Number of protein chains: 2
Amino acid sequence: MTETTKRPEKRVTVIDVARAAQVSPGTVSNAINGKRPVDSETRARIEKAIATLGYVPNMAARGMRTGRAGTIALFSSMPTAVAAGASKLGFMMEIAASAAQVALRRNVALVLVPPIAAPADALRNVPFDGALLVEPAEDDPFLDLLSARAVPVVGIGAAPRAGMPCIDLHYRATAKLLTEHLLSAGSRSFPLVIGTSARQYYREFEEMYCTILASAGLVPRVIRVDEAHGEEAGAAAVEARLAEDPALDGVLVPVDALATGVMAGLRAAGRNVPRDVRVVTRYDGLRARTETPPLTAVDLHLEEAAERGTLALLDMIEGAETPPVRLLPEPALVLRASSAPE
Amino acid sequence: MTETTKRPEKRVTVIDVARAAQVSPGTVSNAINGKRPVDSETRARIEKAIATLGYVPNMAARGMRTGRAGTIALFSSMPTAVAAGASKLGFMMEIAASAAQVALRRNVALVLVPPIAAPADALRNVPFDGALLVEPAEDDPFLDLLSARAVPVVGIGAAPRAGMPCIDLHYRATAKLLTEHLLSAGSRSFPLVIGTSARQYYREFEEMYCTILASAGLVPRVIRVDEAHGEEAGAAAVEARLAEDPALDGVLVPVDALATGVMAGLRAAGRNVPRDVRVVTRYDGLRARTETPPLTAVDLHLEEAAERGTLALLDMIEGAETPPVRLLPEPALVLRASSAPE
DNA sequence: TAACGTTGTTAAAACGTTTTAACGGCATCG
DNA sequence: CGATGCCGTTAAAACGTTTTAACAACGTTA
């Protein structure tokens, strides 16, 4: 009765196949991997032996010889308070889904490394030939760990360090899109709410926002909120701002977890969105879409970003020096009720 | 200038560490893995050597010796037309996010194997010690491939084969919940729309639905739709049904991709939801939440299911005969506008 | 005091594959 | 006709780790 759960006596190896097919192990390897020509009649014998014996190559042994793990890893170091919760790592998982499919088509599996308390331990025990890094911060703990492993890395977002290949998520263009949208929707006093950590993302948003507001003759106001505190921090920030500036008529809050916080804060303060205050965010995920009213957001072409990033990484792993990273299409506004014109 | 991208000359091995610390490779191994006691002074020397040399253990070599890949795989064989698109593998990815975190905490990485054209190829090249199978069909192609690999497997949904450990997603209870909800909301003529493939899921839904309707003195009607055709099939099915039964006042359509199709079909036929027709679905994902109106769905406790499944699988990999799989909490209705009482 | 278990260490074996160097045979090119 | 190159194959080496068997030294138990 324990037959089904019992471990197999002995693993079938390439040696067993070779014996059954009356060839040497090397020939079996060549037949499987096609590195060198094998007589078609011999190949047929080998394939038959593989089938009847139920041979499955041992990936570890292969990997040891070839130096390839056969996997790439997807990392995200977003603070869990932002990444988890309602959207359940939405941003990362959207990338993961596409990346996994693309990689699998090239016979590489994707391993998922969500934010975790002990990144070093994680890294030490996860086998991978290359890494995809989702919106890395400049002081990202994964950066050092990855460079210690000397594997190719591709960022998705903006390069935190010079020389790191990266799929550009067009932070500037996105910031411009959202800021100009709020302006053209009629908002005149709207702060930018961003996180406190050191990210290219925040810096470029801030820069673009300030530039546009200044040239429109408006006063930019940047509110920094610790992302680790999640929604509540967003709510508190907007409530405090409302106290200072009752004329506030818009909020540009790119981080979606903070955006839902801002919405809650506005509700608590009795403001109607979009009538009194218009709110826009960046990532068009579950949070933005299921907020009431749903939030205007941006189509970042994440799927395409994931595909290109994955292909670039695979090329690098295979030795390409300069992966051909073409630009993504420009980000596009996804207009929703939270900033609908009156 | 190509310094940064250049491959390292030579990998640092346990032998280098041993030499630097003036011990044997075996002792280094023991220091790292703690299998056998190592003198604290010796251990300090070894750790110093590891740090200065930047040693990173070679997972492939370790795996070859220990027989562990250090990963588990998450498979889903849902037809892509159902799984992809708007929800972007939502169901699977929700499980993946939780499973990845749980596994990582036990130093195991999760590899993602989304539905793909050639499952056999995928399997052959993906290293893993065990598998999580999301709602496997009875004729699931992964089942044979996995049993050929002789690794532990845990299903999430219902066991397609006797003896396979499984986290029960409570198909019957879910079907009961939704059917009784429609009844108590006032619907009297509502078909069940399910897919054509052979799934426990469909069978149990059908059975429960028919039983309840019969005992309520109503006529059950089951509509089978090829899931591979996605939303359009759902729309076509409901339009055809409306032609036969203009008094239709509800639809129970557990597959979310078909549910959005049904919604489109109802819109096309000029029916108002929920006034004329109430619609309910099962998976409370992006599709259900962003439909207009949002769809009543079920909280399946997927996160918890993923965690338990992962832990059970890890226990099995480590040799536990009978993984302690406790039951999930009962599914709970998530009431939304698509079936709101009048 | 003898037997025994524990600690700390090592040399050598083992894991299963791919790659290397080599070989004979055969065709092609000068 | 000799040199060259490709085809098909093999034996042996190599990949980097963990495990095994063994040993010395030391306490503890009988």
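Being a predicted model, the structure only gives us computed values, none of them experimental. Letters A, B, ... mirror the listed sequences (proteins, then strands); counts begin at 1.
- Both Lys35(B) and Asn58(B) sit near DNA chain D, but only Asn58(B) has its closest nucleotide nearer the 5' end.
- The 5' end of DNA chain C is approached more closely, in terms of each residue's nearest nucleotide, by Arg65(B) than by the other of Asn33(A) and Arg65(B).
- dG8(D) atom P lies 12 Å from atom CD1 of Ile46(A), rounded to whole Å.
- Both Pro25(B) and Ile32(A) lie close to DNA chain C; mapped to their nearest nucleotides by heavy-atom distance, the more 5′-ward contact belongs to Pro25(B).
- Mapping heavy-atom proximity under 4.0 Å, the span of DNA chain C touched by chain A runs 5' to 3' from dG16(C) to dA22(C).
- For the pair Arg161(B) and Asp140(B), the salt-bridge criterion is not met [side-chain N within less than 4.0 Å of a carboxylate O].
- Geometric assessment of Arg68(B) against the ring of Phe128(B) yields a negative cation-pi assignment under the 6.0 Å and 45° thresholds.
- The 12-atom threshold is not exceeded at CD of Gln22(A), counting heavy atoms of other residues, nucleotides or ligands nearer than 6.0 Å.
- Contact record, Arg43(B) with Ala31(B): NH2-O, 3.3 Å, taken as the closest heavy-atom pair.
- Atom pair Arg36(B):CZ and dC23(D):C1' shows a separation of 12 Å (rounding to whole Å applied).
- Note on Thr66(A): only backbone sugar-phosphate atoms sit closer than 4.0 angstrom, heavy atoms only; bases stay farther off.
- The aromatic rings of Phe142(B) and Phe75(B) lie tilted to each other, with the angle between the two planes from 30° to 60°.
- The distance from atom CD of Glu47(B) to atom OG1 of Thr42(B), rounded to the nearest 0.5 Å, is 11.0 Å.
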